[in-house]
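Each remark here refers to the structure printed beneath this line.
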Amino acid sequence: MVLSQSVRSNVSLAIIDRLRRFLLIDDKREQELVEKQVHDIDIKTPSLEQQVGYLSGGNQQKVVLAKWLSVGPKCIILDEPTRGIDVGTKAEIYHLMRELADKGACIMMISSELTEVIGMSDRILVMSRGRIAGELRRGEATEERILTLAVGERLEAQLDAV
């Protein structure tokens with residue numbers, strides 16, 4: 001995200017090659033694409049020319065999502081997608097993630113919020129010491145099971161030492 005640039009510039013940045021006609025950007029096509037993304041993701045902005053740096057943190061997150069969703073990815077990696085945003089925007093991001101998954105997109109979410117991981121995931125891979133310590137499916141995952149996988153070996157060793 002380029003904070004000093006407009007919503008329009010940020011959203012179209014990843015697909016600028018598709019918007020070119022010869023050496024110029026097709027402004028009408030760019031306008032239509034960005035308007036659709038702003039509407040679909042419900043980015044709250046006074047205009048497409050608003051500098052992203054003046055938007056709320058949640059709307060900045062949505063601009064980043066809009067940019068990458070405009071590419072039409074089959075798989076998207078979201079690293080801490082709701083960090084630092086309000087509860088209402090979190091719900092909107094979760095809804096968008098569910099819609100994408102329902103349409104067949106692969107979503108890899110990295111999050112330190114266990115409730116978020118449990119609530120949003122079909123499958124959870126727990127990492128410990130740079131390796132996958134275990135896999136849990138929806139319905140199997142609890143905070144306790146995740147934490148046990150994340151620190152299990154070390155915790156067992158500490159308990160044995162006592």
Side-chain angles (χ1 to χ4, degrees), residues 1-132 135-136 138 141 143 146-147 150:
M1 180 170 45
V2 183
L3 294 173
S4 63
Q5 293 294 314
S6 68
V7 170
R8 176 203 291 254
S9 296
N10 272 276
V11 172
S12 64
L13 191 61
I15 59 162
I16 205 75
D17 286 344
R18 283 195 236 159
L19 297 173
R20 284 196 184 146
R21 192 168 29 170
F22 304 108
L23 297 175
L24 302 173
I25 294 173
D26 183 339
D27 290 333
K28 184 177 183 214
R29 194 161 166 227
E30 180 186 33
Q31 177 82 16
E32 290 170 357
L33 172 111
V34 174
E35 282 176 352
K36 181 179 181 336
Q37 290 288 19
V38 166
H39 177 267
D40 290 351
I41 299 178
D42 195 26
I43 299 170
K44 291 170 183 58
T45 180
S47 82
L48 299 183
E49 302 312 317
Q50 175 69 43
Q51 279 187 359
V52 173
Y54 291 110
L55 298 177
S56 69
N59 283 299
Q60 289 178 358
Q61 290 277 63
K62 289 180 185 181
V63 168
V64 172
L65 274 174
K67 174 175 70 173
W68 293 112
L69 292 177
S70 67
V71 173
K74 292 180 182 173
C75 187
I76 188 163
I77 300 170
L78 301 173
D79 187 359
E80 301 288 353
T82 61
R83 178 182 286 160
I85 60 176
D86 64 84
V87 175
T89 306
K90 274 187 183 188
E92 291 177 37
I93 299 279
Y94 295 154
H95 179 74
L96 177 63
M97 289 170 67
R98 281 190 198 98
E99 281 183 351
L100 290 169
D102 289 346
K103 291 178 182 174
C106 158
I107 299 173
M108 182 186 303
M109 180 179 68
I110 303 162
S111 178
S112 55
E113 292 187 40
L114 292 183
T115 54
E116 178 173 81
V117 170
I118 293 167
M120 292 299 299
S121 303
D122 293 322
R123 187 170 75 143
I124 299 168
L125 297 177
V126 181
M127 305 273 308
S128 179
R129 295 183 173 180
R131 295 179 174 241
I132 295 174
E135 175 181 340
L136 300 169
R138 179 186 293 274
E143 288 188 26
I146 292 171
L147 289 172

For [X] against [Y], the heavy-atom pair lying closest together:
{"X": "Val126", "Y": "Ala150", "value": "CG1-N, 3.7 Å"}
{"X": "Asp86", "Y": "Gly88", "value": "OD1-N, 3.0 Å"}
{"X": "Ala14", "Y": "Val71", "value": "CB-CG2, 3.6 Å"}
{"X": "Ile107", "Y": "Met97", "value": "CD1-O, 3.2 Å"}

In Arg29, Lys28, Glu35, the residue satisfying side chain to side chain donor-acceptor pair (under 3.5 Å) with Gln31 is Glu35
Atom [atom1] in [X], atom [atom2] in [Y]: separation rounded to 0.5 Å?
{"X": "Ile16", "Y": "Ile25", "atom1": "CD1", "atom2": "CD1", "value": "3.5 Å"}
{"X": "Leu19", "Y": "Leu13", "atom1": "CG", "atom2": "CG", "value": "10.5 Å"}
{"X": "Thr89", "Y": "Leu96", "atom1": "OG1", "atom2": "CG", "value": "12.0 Å"}
{"X": "Leu3", "Y": "Leu55", "atom1": "CG", "atom2": "CG", "value": "9.5 Å"}
{"X": "Ile43", "Y": "Leu65", "atom1": "CD1", "atom2": "CG", "value": "8.5 Å"}
{"X": "Leu100", "Y": "Cys75", "atom1": "CG", "atom2": "SG", "value": "11.0 Å"}

Quick one: are [X] and [Y] in side-chain contact, heavy atoms under 4.5 Å?
{"X": "Leu136", "Y": "Ile118", "answer": "no"}
{"X": "Ile110", "Y": "Ile77", "answer": "yes"}
{"X": "Arg20", "Y": "Asp17", "answer": "yes"}
{"X": "Met127", "Y": "Ile132", "answer": "yes"}

Residue pairs passing the side chain to side chain donor-acceptor pair (under 3.5 Å) test with at least one member in residues 60-70, sequence neighbours excluded, are Lys62-Glu92
Would you check if the side chain of [X] reaches a backbone N or O of [Y] as a donor-acceptor pair within less than 3.5 Å?
{"X": "Asn59", "Y": "Lys44", "result": "yes"}
{"X": "Glu80", "Y": "Ser112", "result": "yes"}
{"X": "Arg8", "Y": "Ser47", "result": "no"}

Do Glu30 and Val11 pass the side chain to side chain contact (heavy atoms under 4.5 Å, CB included) test, and can you show the C-alpha distance, the side-chain angles, and the key distance before you say yes or no?
CA-CA 9 Å; Glu30 180 186 33; Val11 172; over 6 Å; no
Any side-chain donor near an acceptor of the partner, Thr45 and Gln50, under 3.5 Å:
no
Side chain to side chain contact (heavy atoms under 4.5 Å, CB included) between Leu33 and Lys36, intermediate numbers included:
CA-CA 5 Å; Leu33 172 111; Lys36 181 179 181 336; 5.9 Å; no
Crowding at CZ, Arg138 (>12 non-hydrogen neighbours, <6.0 Å)
yes
Over 12 foreign heavy atoms within 6.0 Å of CE, Met108:
no
Sequence neighbours left out, what passes side chain to side chain contact (heavy atoms under 4.5 Å, CB included) with Glu113? Give chain and number order.
Thr82, Lys90, Ser111, Glu116
